[in-house]
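Computed from a predicted structure; not experimentally measured.
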Amino acid sequence: EVQLVESGGGLVQAGGSLRLSCAASGFTFDDYAIGWFRPAPGKEREGVSCINNSDGSTYYADSVKGRFTDASDNAKNWGYLQMNSLKPEESEIYCCASGRRGTVVASPGREYFYYDWGQGTQVTVSS
């Protein structure tokens, strides 16, 4: 059974940082990509970032480039999202998701290409 469990959310002031974690189990980690998503009102979820667990290549949405860093620990089957310079409008529930890296590569920011999802962790940025 595939499981993805997020942690690390919380309350932070604008300009602050948080590090989200995604504990993965039930699949061959190296064969997959891990993406991070947040809601986008009226639209499909926004793909914030993605990491290919095989070669470490990453994708970032334009809105977070230079501020967020995606990483993974293949030995532990964990994914991480370091979020710096957070903004109040980025207060959301952040979810990690897994998808076959050969599939996700087509469009890593699209939720359609991911199979399994965690429950999410709440990030709140105060102004």
Side-chain angles (χ1 to χ4, degrees):
E1 180 188 4
V2 173
Q3 283 195 322
L4 298 164
V5 181
E6 301 92 338
S7 60
L11 174 64
V12 65
Q13 289 188 331
S17 299
L18 282 173
R19 187 193 192 208
L20 306 184
S21 299
C22 175
S25 61
F27 60 95
T28 304
F29 198 70
D30 290 4
D31 290 342
Y32 282 73
I34 298 292
W36 288 92
F37 288 80
R38 62 190 181 191
K43 306 176 185 178
E44 68 175 60
R45 280 178 280 202
E46 179 187 16
V48 173
S49 69
C50 171
I51 185 166
N52 180 324
N53 292 332
S54 178
D55 62 13
S57 57
T58 52
Y59 156 87
Y60 297 100
D62 288 341
S63 58
V64 306
K65 281 180 181 176
R67 299 187 297 121
F68 289 14
T69 303
D70 205 330
S72 63
D73 184 333
N74 288 24
K76 297 180 179 179
N77 287 8
W78 281 72
Y80 304 97
L81 182 65
Q82 177 68 41
M83 305 188 297
N84 299 329
S85 302
L86 282 162
K87 306 173 183 178
E89 57 266 34
E90 295 181 307
S91 297
E92 291 291 357
I93 294 176
Y94 286 70
C95 293
C96 65
S98 64
R100 284 276 187 179
R101 53 186 174 86
T103 302
V104 166
V105 68
S107 190
R110 292 288 309 280
E111 62 175 308
Y112 174 83
F113 295 100
Y114 293 81
Y115 303 145
D116 295 288
W117 295 77
Q119 293 297 309
T121 184
Q122 177 70 51
V123 170
T124 303
V125 186
S126 63
S127 56

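The ring-ring contact (aromatic ring centres under 6.0 Å, His included) pairs that include a residue from residues 105-127 are Phe37-Tyr114, Phe37-Trp117, where partners are two or more places apart or lie in different chains.
Taking the side chain as every heavy atom from C-beta outward, Cys95 and Gln119 never approach each other to under 4.5 Å. Counting heavy atoms from C-beta outward, Cys50 and Thr58 have side chains that stay 4.5 Å or more apart. Lys87 has its side chain out of reach of Val125: every pair of non-hydrogen atoms, C-beta onward, lies at least 4.5 Å apart. In this structure, Glu90 and Arg67 have side chains that are in contact, with non-hydrogen atoms separated by less than 4.5 Å. Within the 4.5 Å cutoff, no side-chain heavy atoms of Tyr59 are placed close to those of Val104. Inter-residue side-chain proximity for Phe68 and Met83 is flagged as met; some heavy-atom pair is nearer than 4.5 Å.
Each of Thr121, Leu20, Val123, Val64 was evaluated against Leu81; a single residue qualifies, Leu20, per the side-chain contact (heavy atoms from CB on, under 4.5 Å) test.
The two residues Cys22 and Ile34 have their closest heavy-atom pair at SG-CG2, 4.4 Å. Here the shortest heavy-atom pairing between Ser98 and Val2 reads OG-CG1, 4.4 Å. Contact detail for Gly79 and Phe29: the closest heavy-atom pair is N-CZ, 4.3 Å. The two residues Ser49 and Tyr60 make their nearest non-hydrogen contact at CB-CD2, 3.6 Å. Of all the heavy atoms in Val12 and Gly16, the pair that sits closest is CG2-CA, 3.7 Å. Considering every non-hydrogen atom in both Glu44 and Gly109, the closest pair reads OE2-O, 4.5 Å.
Put simply, the side chain of Thr124 never gets that close to the backbone of Leu11: no donor and acceptor are under 3.5 Å apart. Looking at Glu111, its side chain does come within 3.5 Å of a backbone N or O of Arg45 through a donor-acceptor pair. Within the 3.5 Å criterion, the main-chain N or O of Cys96 finds a donor-acceptor partner in the side chain of Glu6.
To the nearest 0.5 angstrom, Leu18 atom CG is 10.5 Å from Gln122 atom CD. A distance of 7.0 Å separates CZ of Phe27 from CG of Asn77, quoted to the nearest 0.5 Å. Atom OH in Tyr32 sits 14.0 Å away from atom CG in Asn74 (nearest 0.5 Å).
No hydrogens or angles considered: a donor-acceptor pair under 3.5 Å links the side chains of Asp55 and Ser57. Checking Arg38 against Tyr94 by side-chain atom types alone, a donor-acceptor pair falls below 3.5 Å. Side chains of Asp30 and Asn53: a donor-acceptor N/O pair is absent below 3.5 angstrom, by distance only.
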Step-by-step side chain to side chain contact (heavy atoms under 4.5 Å, CB included) determination, Glu1 to Ser25: CA-CA 8 Å; Glu1 180 188 4; Ser25 61; over 6 Å; no

